[in-house]
Every structure is written in structure tokens, then in C-alpha cells.
Q: 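Supplied in C-alpha cells, the structure appears directly below.
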Amino acid sequence: MANSVILYPLGVGDAFTARHFFVNSFISVDGREFFIDCPAYLGKMFHSNNKHGELKLDLHRYRELFITHMHADHVGGLEELAYFQYYKTENPVKLYGPEWLLQDIWTHLRPALEPSVREGGGLAAFDWYFDPVPIPHFHDFGDFKVSYKTTRHIPRTLAFRFDFGNFRLGYAPDTGFDPDLIAWINECDLIIHDAWFGKTEALGGDIRSLHTPIADLLTLPEDFQRKTLLCHYADTAYRDSPENPSENIGAYRLLQQGKVYRLV
């Protein structure tokens, strides 16, 4: 059972945000630290956070990392992190996920990272940069337990449930409206969930196949709403303060970038 759990969102915005950083989070469990997702412009993100956020962080804190899926706003910083680890540290970051996701990550990174810069050349391998650790659908990390489920987004997108013994966190930053997923994460004490503001029609297709409109979220019971913080939201989700959303969001609240949430 954890004595202290802190959730710290480093980014809350959607894939088109210019106001925020892309959705990603830092979590501390009794001093053990991990991140969820790794967006591009890590240096800028930490520089901005350390000027404006409530908690000071830097790249050296990346020691354990979970990835939800392969969209650029969630994995765009992995190459940056890999090179930082390779040149600045001696301990590869532990990278957790299903075996197929770890394989997808190396396939994505391989063209840039495989050519070796070591004397004599040769080919680099995934474990030069990361310590890839395949995990099953349920895994006990000792300090906490993790389970995951695919969401209604692009194929093979994950949502996570973190069980800290006395508190459970549901984390579903990218998902279309999915009653089965809602039922799965409703067991948690706090939920981070995707939200789409504005029109759902787009040139590339129906946004509802990828994200969850506010109108759909408002159909859910109030007890679910009260324990849910909305993320992956548009820059227009609020004007002056996330405490005052630009449209009715019921009993939901907007997840705030750079704010410490003490869960335990």
C-alpha cells in the first residue's frame, strides 16, 4: 500500500495544441517515479514547466516509462530521450508495454537510432537506448499494480489502471466514447479521460471514432463525472482559466498542466 502518490500532468493539450504541451504525466509513488508517454520538445517542456509549474523536473528523472500508443503527440520525444540517455547517462530507461508495442517502438525509432556512432561503426540495438520490459495485461510492480485495455482510437491504443493499494487511477487520454472502457475504469477513484470540444466533423473522418465529445461524456452518471478530470482538450476549452471551461462540462473538471495532484 502506497503512503504517497503524486500525479503531475506535464501536458494536457490535444494533437493541435499551441497553448499547452501534449498529454503526458509524471507519477511518484513513495519516491519511485515513472512517466506516461513522451512528447516531442522535451527540453522546452521542462524549461516551461520549471518556470510555471508547481514541481521542478528534468530529463534525468526519466527512469521508467509507459507508452499509450504510437501517435506522434505521445511518442514524438522518444528519439530525443534515447539520445539524451545514450550521451548523458549510463542507465537505459525502462520502457514498459506489451511485447507488440515495444516492437512497434523500435520499428519507429530504428531508422534514426540503428546506425552506430561508436568507433568501428556497426548497428545499434534497442537496448542501447532503452531497457524494454514486456508486461502482460496485469503486472505487479511491487509498489503498484498495472493493468491495461485497448481503447477506441487507432488500433492498439492503451488505457491503464494503476492500483496503489489504497487508491486506483484510471488513465485513458485518447479514446472514442466506449461504454466497455467506461465500465472498466469506473472502478477507479480518479479517472483521466479524453475530451473533445467543438465540432466532430472533420475532413479526415468522424472525430468520434478517435475522441470523446463533451456531449457523450455528459450522458454518464454524475458520480463518474465528479471523479473524472478531462484531458487532450482543445486550446479553446477555456479562455482565462481551466477552472472556467468555455462550455458546459457538467461535474467534470479540466486536468491542469503543471498542477500537483496528491492522490494519497
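Only this structure's heavy atoms are used, side chains among them; waters, hydrogens and symmetry mates stay out. Nothing fancy with the numbering, it's 1 onward along the sequence.
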Q: Sequence neighbours left out, what passes side chain to side chain contact (heavy atoms under 4.5 Å, CB included) with Glu247? Give chain and number order.
A: Phe197, Ile214
Q: Does Phe141 have any side chain to side chain contact (heavy atoms under 4.5 Å, CB included) partners at least two apart in sequence or in another chain, and if so, which?
A: Arg32, Phe66, Tyr96, Ile135, His139, Phe144, Val146
Q: Does the salt bridge (Lys or Arg N to Asp or Glu O under 4.0 Å) test come out yes or no for Arg208 and Asp216, once each step is laid out?
A: CA-CA 9 Å; Arg208 292 185 60 179; Asp216 288 338; 2.9 Å; yes
Q: Quick test of your reading: applying ring-ring contact (aromatic ring centres under 6.0 Å, His included), list the pairs with at least one residue in residues 164-188, sequence neighbours left out, ordered by first then second residue.
A: none
Q: Indicate, with yes or no, if the rings of His74 and Phe22 have centres closer together than 6.0 Å.
A: no
Q: Keeping to residues at least two apart or across chains, list the side-chain hydrogen bond (donor to acceptor under 3.5 Å, both in side chains) pairs with something in residues 10-20.
A: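 Every side-chain hydrogen bond (donor to acceptor under 3.5 Å, both in side chains) pair that includes a residue of residues 10-20, provided the two are not neighbours, is Thr17-Asp235, His20-Tyr238.
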Q: According to salt bridge (Lys or Arg N to Asp or Glu O under 4.0 Å), who are the partners of Arg253, at least two apart in sequence or on a separate chain?
A: none
Q: Who passes ring-ring contact (aromatic ring centres under 6.0 Å, His included) against His52, sequence neighbours left out?
A: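 By the ring-ring contact (aromatic ring centres under 6.0 Å, His included) rule, His52 matches no residue at all.
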Q: Who else is in Met1's hydrophobic cluster (ILVMFWY, side-chain heavy atoms under 4.5 Å, direct or via others)?
A: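 Its cluster mates, by chain and number: none.
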Q: Does His47 have any side chain to side chain contact (heavy atoms under 4.5 Å, CB included) partners at least two apart in sequence or in another chain, and if so, which?
A: Lys51
Q: Using the side chain to side chain contact (heavy atoms under 4.5 Å, CB included) criterion, which residues pair with Arg61? Sequence neighbours excluded.
A: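 Phe26, Glu33, Phe35, Leu57, Asp58.
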Q: Using side chain to side chain donor-acceptor pair (under 3.5 Å) as the criterion, list what pairs up with Asp178, not counting sequence neighbours.
A: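 Asp178: no side chain to side chain donor-acceptor pair (under 3.5 Å) contacts found.
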Q: For salt bridge (Lys or Arg N to Asp or Glu O under 4.0 Å), just list the numbers for Asp104 and Arg156, CA-CA rounded to whole Å, side-chain angles, deciding distance to a tenth of an Å, and then say yes or no.
A: CA-CA 10 Å; Asp104 285 350; Arg156 308 206 296 189; 2.6 Å; yes
Q: For residues Thr68 and Asp37, is any side-chain donor paired with an opposing acceptor at under 3.5 Å?
A: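 Asp37 and Thr68 do have a side-chain donor-acceptor pair below 3.5 Å.
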Q: Is atom CZ of Phe46 surrounded by more than 12 heavy atoms (other residues, nucleotides or ligands) closer than 6.0 Å?
A: yes
Q: With side-chain hydrogen bond (donor to acceptor under 3.5 Å, both in side chains) as the rule and sequence neighbours excluded, what pairs involving residues 185-199 come up?
A: Arg161-Glu187, Asn186-Lys227, Asp194-His211
Q: Not counting sequence neighbours, which residues clear side chain to side chain donor-acceptor pair (under 3.5 Å) with Glu79? List them please.
A: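 Result, side chain to side chain donor-acceptor pair (under 3.5 Å) vs Glu79: none returned.
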Q: Taking the six-membered ring for Trp and the full ring for Phe, Tyr or His, determine whether the centres of Tyr86 and Phe84 are under 6.0 Å apart.
A: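 No; Phe84 has its ring centre 6.0 Å or more from that of Tyr86.
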